[in-house]
Structures are given as structure tokens and as C-alpha cells.
Amino acid sequence: MARPPPLGELPPDYVPPARSAAPQILAGSLKAPLWLRAYFQGLLFSLGCRIQRHCGKVLFLGLLAFGALALGLRVATIETDLEQLWVEVGSRVSQELQYTKEKLGEEAAYTSQMLIQTPRQEGENVLTPEALRLHLQAALTASKVQVSLYGKSWDLNKICYKSGVPLIENGMIERMIEKLFPCVILTPLDCFWEGAKLQGGSAYLPGRPDIQWTNLDPQQLLEELGPFASLEGFRELLDKAQVGQAYVGRPCLNPDDLHCPPSAPNHHSRQAPNVAQELSGGCHGFSHKFMHWQEELLLGGMARDPQGQLLRGPAEHLPADESPPAV
């Protein structure tokens, strides 16, 4: 029986395995990363030792730098103006906003939100019923946005800028006006009945369908309610503001619309209006006396004939609402 070899000795028939070249290749490929790692570890170790030896000085210099930077907070200002945050300086949008401010005047109580329509091809006319209907669709989409905040639902009609609601002695009429009082919207659509679609709110009177700006004829309403209530103050207010028939007396961009009122000038003829002619001289809100939007506020790059009549416009403006500053 063969005896095992003593400890520490290899058996006579032991053959050492062939040496692989893989460790050499691996060591060669990792030489540079290992050297960099060792180098930076040495630097960081040296830095840590120096900081430890001078910890008091390092702490003092850190607090001194922090205090110097904190002093800048005293002169820091929080920018809440969306125009300054998002509008490029010297861009077309900034020029349009500056032009609107010059025409409307500076007002700290609200900010103007603008919607600008331009032709798809250069030189194309946008003063057409089709272009204005597209304008209306975009404006309606923007005005119907709702946001839920603090357990309440907010829309344009709740946050837009409105002129002061007049005081009326008749409580029923006063509540109706408060619900119907429109936002201040400067738009070329105000020359047409479709401008009423941008105004939200509705009121209810017994025996009548919901009253909205699309079907509200103030003169007819006064005649119907006159025998039942004293409305002299309300009548005098409408006369001073020159409200007239409001929107129902204006032409319809789409005479085939089922809701186009019979009092519209083109309701029976079913002919699309001449947009350039209607926009000549600007448009009016529901008050002809106090809400006159000049052409320069509504149109840009206008072309006129030798008699000065408006022919076409490459761009239309719609300050979608006059709303309070965003919080």
C-alpha cells in the first residue's frame, strides 16, 4: 500500500496546470483605471487629512462663505410675471404684448392672455368666415379649461377681469346681471353673433329658457318684464351704455347655425358676411359706448384699398381674457 506524501510535498506525478494569459490581459486592460482610482484616492485622502488637521479653519471659512451667499437673499426677487419668464426678449410675442400694453395702458390688477392667429401660408388672407370660425374654435377650447383647486372648480368666467357690476334696485334683475356679467374680451368675433359664445354664465327666469348671451335680447327682455316689475333704472343703464340688442343683432359667421338668432341681419338671406367690411372701424363689446376695440387691437399687417377700406389681414389678435396675475 502506497504511503501518502509528507505534508508540504507534491506527489511525484503532479503536473502543474498551464498558466492562462487571461489574467495578464485583464491586468493590462485595467491598468489605467486602477492607476486613476489610486491617484484620486490618494488626493482625497491627503485632502481629508489636511481638513482634519485644520478643521476649525475649514469650518470658519465654510460659515463665512455661507453667510456671504445668504446676504444675496436680501436683494433677491421672485419673478411672477409670465411674460418675463417665458417670452423671449425681442420676439414677435413680446412685441405684440408691448403693443397691446401701449394701447390699453399699464394695469397692475390684471395680465393679458393673448391668442394670435396667423395664416398657414405667407400672404394668405385670414379675414374670412372660415378663418374666424377656426379662431372661435380655438378660443372656445381655451376658455372652457377647468382646474380643480382647493376643493373647487375654476374656469375663465370665475377668474377673468370684469368691470364693476352695476347696482340695480330690483333684486331679481341684479342677481341675473351678476350671473351674466361678461368677461372683458377683446376679439374680432365681437363684430359677429359668435362673439357671444365666448361669454359664459347663464340666468333663469320663470317661464323662459336659460338666458345666455347667445339668446339674450335686452330690449325684448325689458318689454316682457316691464308689466311685472319697475325696471326704469335698468332701462336707463342700458340706454347709457348703448347695449341695444347686444349680440343677437349682429351677423352670424355661419348663417346655417341652428342657434343663429332671427334678429341677425343675415339670418334670412343665409349669406356669409363680408368679414373685412364688418371689421372696418373695429368691433364693440356688448356696450357700444364703453367697449370699442380699435382695428389696431384686433388685426395686424392690414391691407387697404385706395379708399382706405380694409381688404385683408395676415394676423388676428385675441387677448383671450383679462385675468388676475397667476399665483
Side-chain angles (χ1 to χ4, degrees), residues 1-101 108 111-124 138 141-142 144-151 153-154 159 300 314-315 317 320 323-327:
M1 183 175 180
R3 297 176 57 187
L7 293 176
E9 296 183 6
L10 297 175
D13 57 348
Y14 174 77
V15 177
R19 191 171 183 180
S20 175
Q24 297 179 355
I25 298 175
L26 183 63
S29 62
L30 296 179
K31 185 176 181 180
L34 290 174
W35 180 85
L36 288 175
R37 178 180 176 182
Y39 176 76
F40 284 110
Q41 281 184 341
L43 287 180
L44 294 175
F45 179 77
S46 176
L47 178 63
C49 293
R50 292 181 182 179
I51 292 176
Q52 184 180 11
R53 288 195 299 268
H54 307 282
C55 57
K57 297 178 181 179
V58 172
L59 180 61
F60 173 76
L61 291 176
L63 292 176
L64 185 63
F66 176 78
L69 295 175
L71 291 176
L73 296 176
R74 300 183 58 185
V75 295
T77 58
I78 299 177
E79 184 62 68
T80 58
D81 189 351
L82 297 180
E83 299 175 12
Q84 299 295 331
L85 290 173
W86 299 107
V87 178
E88 181 183 359
V89 177
S91 64
R92 177 176 178 177
V93 176
S94 65
Q95 296 175 3
E96 297 282 357
L97 292 173
Q98 182 62 32
Y99 180 81
T100 304
K101 287 181 179 180
T111 58
S112 299
Q113 308 299 324
M114 298 187 66
L115 173 64
I116 302 176
Q117 179 182 0
T118 57
R120 296 181 178 180
Q121 297 180 358
E122 185 176 358
E124 185 179 357
T141 302
K144 292 185 181 299
V145 173
Q146 293 187 350
V147 178
S148 296
L149 190 63
Y150 306 121
S153 179
W154 302 85
I159 65 173
H317 308 176
S323 57
V327 179

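Counting only residues at least two apart or in different chains, ring pair (Phe, Tyr, Trp, His ring centres under 6.0 Å) contacts with residues 52-77 are absent.
Partners of Tyr39 under the ring pair (Phe, Tyr, Trp, His ring centres under 6.0 Å) rule, at least two apart in sequence or in another chain, are Trp35. Residues meeting the side chain to side chain contact (heavy atoms under 4.5 Å, CB included) test with Ser91, sequence neighbours left out: Val87, Glu88, Val93, Ser94.
Note that CG of Leu59 and CG of Leu64 are 11.0 Å apart. Values are rounded to the nearest 0.5 Å.
More than 12 non-hydrogen atoms from other residues, nucleotides or ligands lie less than 6.0 angstrom from CD of Gln41.
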